[in-house]
**Student:** 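This structure is in structure tokens; I'll ask about it shortly.
Naming: A, B, ... by sequence-line order, numbering from 1 per chain. Keep in mind the model is a prediction, meaning the values are calculated, not measured.
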Number of protein chains: 2
Amino acid sequence: MQHQMEIENSELFQILSNTNHSFFPEPASSTMQQSFSGSFSCYPFEAFDAPPHEDKALAALRNHKEAEKRRRERINSHLNKLRTLLPCNSKTDKASLLAKVVQRVKELKQQISETTESETFPSETDEISVLSTTGDDGGGDGDGRLTLKASLCCEDRSDLIPDLVEILKSLHLRTLKAEMATLGGRTRNVLVVTTDKEHGVESIKFLHNSLKSLLEQSNSNAISKRRRVLGPNSIA
Amino acid sequence: MQHQMEIENSELFQILSNTNHSFFPEPASSTMQQSFSGSFSCYPFEAFDAPPHEDKALAALRNHKEAEKRRRERINSHLNKLRTLLPCNSKTDKASLLAKVVQRVKELKQQISETTESETFPSETDEISVLSTTGDDGGGDGDGRLTLKASLCCEDRSDLIPDLVEILKSLHLRTLKAEMATLGGRTRNVLVVTTDKEHGVESIKFLHNSLKSLLEQSNSNAISKRRRVLGPNSIA
DNA sequence: AGGCACACGTGAAAC
DNA sequence: TGTTTCACGTGTGCC
């Protein structure tokens with residue numbers, strides 16, 4: 001703690017020299033919140049010998065002050081840009097804003113991965129799966145909605161697609177992604193959907209049942225009725 | 001500016017009272033960067049009458065100091081959380097970090113909308129379109145890759161899908177989304193793909209030509225050869 | 001009053 | 001070397 005005397009001298013020096021007023025012609029209308037305007041005629045150190053290159057030190061201090069102001073403005077401008085990108089007004093706290101940003105980035109990344117990382121290979125067996133891909137690690141935001149990934153693998157019967165669309169519409173499911181691949185006469189459809197605000201969990205069972213009956217209808221009409229096996233991913 | 005005298009008095013008061021050292025038993029090893037430890041025996045105002053409830057004011061000051069520290073820690077913790085969510089190490093600047101966050105949020109939102117907001121209605125005419133959906137307004141990040149939205153509308157011939165997949169694979173295009181809808185015996189496929197790091201712009205033409213030959217092959221084999229019109233969106 | 005949030009200027013450390 | 005970034009304590013305005 002040998003530098004405390006330096007600090008003390010520096011602060012006292014600024015008080016004595018009345019920096020902003022006497023030396024630097026800064027705009028007088030600026031927000032000078034911490035400047036001094038009173039006179040110090042009673043101060044005992046009024047006339048003191050000028051240290052060598054004290055103006056250098058003052059200039060450096062002024063540069064430092066302005067650079068710091070620029071840095072603050074840069075950070076705040078980015079913060080304001082973030083305010084426009086998020087559902088939030090301009091009066092939200094800096095900390096709350098950053099919390100919202102963290103949550104939003106997590107949500108977006110999860111949604112991207114849900115709509116992207118589905119590898120679709122039609123298998124030899126008929127399969128239905130409805131998986132709830134809940135973000136389990138960090139967020140726990142839980143705004144009522146749920147993201148489901150439904151997979152349907154069966155004979156290549158493209159006329160089933162309209163029925164599938166009807167199912168989604170009747171369950172009020174919004175389709176984030178619909179992927180379809182055919183291989184050797186078989187097809188796999190992967191649907192990534194978000195549920196309604198309220199009926200999140202029930203949608204899983206309903207969707208699964210609807211897909212099941214769709215698959216049965218498909219097989220009853222299909223030309224080849226060889227394979228009719230439910231895969232291991234299916235939910236009872 | 002009638003409050004400047006108050007500020008001056010306040011600061012002088014702290015200098016005189018030597019706050020952190022005399023009154024508050026804070027841990028001596030803490031980072032007391034702006035405290036004073038020198039003696040002020042030469043100061044003319046050494047003995048002054050104690051203001052009423054000055055300890056209250058000092059306690060308030062201490063509360064203020066600690067609250068501000070808590071606020072800083074809250075903000076910095078969110079900032080560090082963001083550091084883990086982005087491709088950046090822990091030594092990136094606060095401002096640069098926020099700039100990256102802004103850019104990333106924009107990218108993610110754009111990617112989401114690209115893979116989501118495609119409305120797929122099969123039309124009566126055969127159509128090919130390959131559109132480059134470049135984020136034109138703010139970012140200009142341009143890391144070489146390009147996001148294309150390819151649309152193919154033709155007779156419902158689901159056996160064309162494998163050829164389509166082959167085309168994408170040969171052009172090194174990564175599929176972000178593949179959407180397919182059928183209506184009245186016709187189908188429309190919308191593919192959202194990202195190009196390779198290098199061959200971004202050429203992929204547009206190549207993809208368009210490949211889809212064109214695919215469509216011609218489809219029509220030459222199709223049962224009904226009624227419609228064979230290229231839509232207005234087609235390139236070259 | 002009193003808590004909360006912000007901007008400011010400044011010392012210190014890194015490069 | 002000076003430039004840049006950070007944490008800190010503080011003044012001030014707004015509930």
**Student:** Consider the side chain of A:D93, meaning its heavy atoms from C-beta on, and name the nucleotide among D:dC6, C:dA5, C:dG9 that approaches it most closely.
**Tutor:** C:dA5
**Student:** Could one point to a donor on the side chain of B:H64 or the base of C:dG3 with an acceptor on the other under 3.5 Å away?
**Tutor:** no
**Student:** If you pin A:R70 and B:E73 to their nearest nucleotides in DNA chain D, which one's is more 5'?
**Tutor:** A:R70
**Student:** State whether the side chain of A:K109 and the backbone N or O of B:L85 hold a donor-acceptor pair below 3.5 Å, judged by distance alone.
**Tutor:** yes
**Student:** Output the rounded distance in Å from CG (B:L98) to P (D:dT5).
**Tutor:** 13 Å
**Student:** With rounding to the nearest 0.5 angstrom, report the CG to CD distance, A:L108 to B:E107.
**Tutor:** 11.5 Å
**Student:** Using atom types as modelled and distance alone, determine if a side-chain donor or acceptor of A:H78 lies under 3.5 Å from a backbone N or O of B:A95.
**Tutor:** yes
**Student:** Separation of B:R62 atom CZ from C:dG2 atom C1', in whole Å?
**Tutor:** 16 Å
**Student:** Quickly work out the A:E66 CD to C:dA7 P distance and round it to whole Å.
**Tutor:** 18 Å
**Student:** Is any N or O donor-acceptor pair between the side chain of A:R72 and the base of C:dG9 shorter than 3.5 Å?
**Tutor:** yes
**Student:** Mark yes or no for a side-chain to base donor-acceptor pair under 3.5 Å between B:R71 and C:dG3, with no hydrogen or angle criteria applied.
**Tutor:** no
**Student:** At under 4.0 Å, does any side-chain N or O of B:K69 touch on OP1 or OP2 of D:dC8?
**Tutor:** yes
**Student:** Kindly say whether B:L146 contributes a backbone atom to a donor-acceptor pair with the side chain of B:T195 at under 3.5 angstrom?
**Tutor:** yes
**Student:** Output the rounded distance in Å from NZ (B:K91) to P (D:dT4).
**Tutor:** 16 Å
**Student:** Please report, rounded to the nearest Å, how far the P atom of C:dC8 is from the NZ atom of B:K65.
**Tutor:** 23 Å
**Student:** Counting only side-chain N and O atoms of A:N76, is one of them less than 4.0 Å from OP1 or OP2 of C:dA7?
**Tutor:** yes
**Student:** How many Å lie between CG on B:L61 and C1' on C:dG2, as a whole number?
**Tutor:** 14 Å
**Student:** Give a yes or no on whether the backbone of B:T92 and the side-chain of B:S96 come within a donor-acceptor separation of less than 3.5 Å.
**Tutor:** no
**Student:** Reckon A:K94 has a side-chain N or O less than 4.0 Å from the OP1 or OP2 of C:dA7?
**Tutor:** yes
**Student:** Report yes if a donor N or O on one partner sits less than 3.5 Å from an acceptor N or O on the other, where the partners are the side chain of B:E68 and the base of D:dC8; otherwise report no.
**Tutor:** no
**Student:** Quick check: on DNA chain C, is the nucleotide nearest B:I75 upstream (toward 5') of the one nearest B:A60, or the reverse? Name the residue that is more 5'.
**Tutor:** B:A60
**Student:** Have a look at B:R74 and say if it touches a base, only the backbone sugar-phosphate, or nothing, with a 4.0 Å heavy-atom cut-off.
**Tutor:** sugar-phosphate
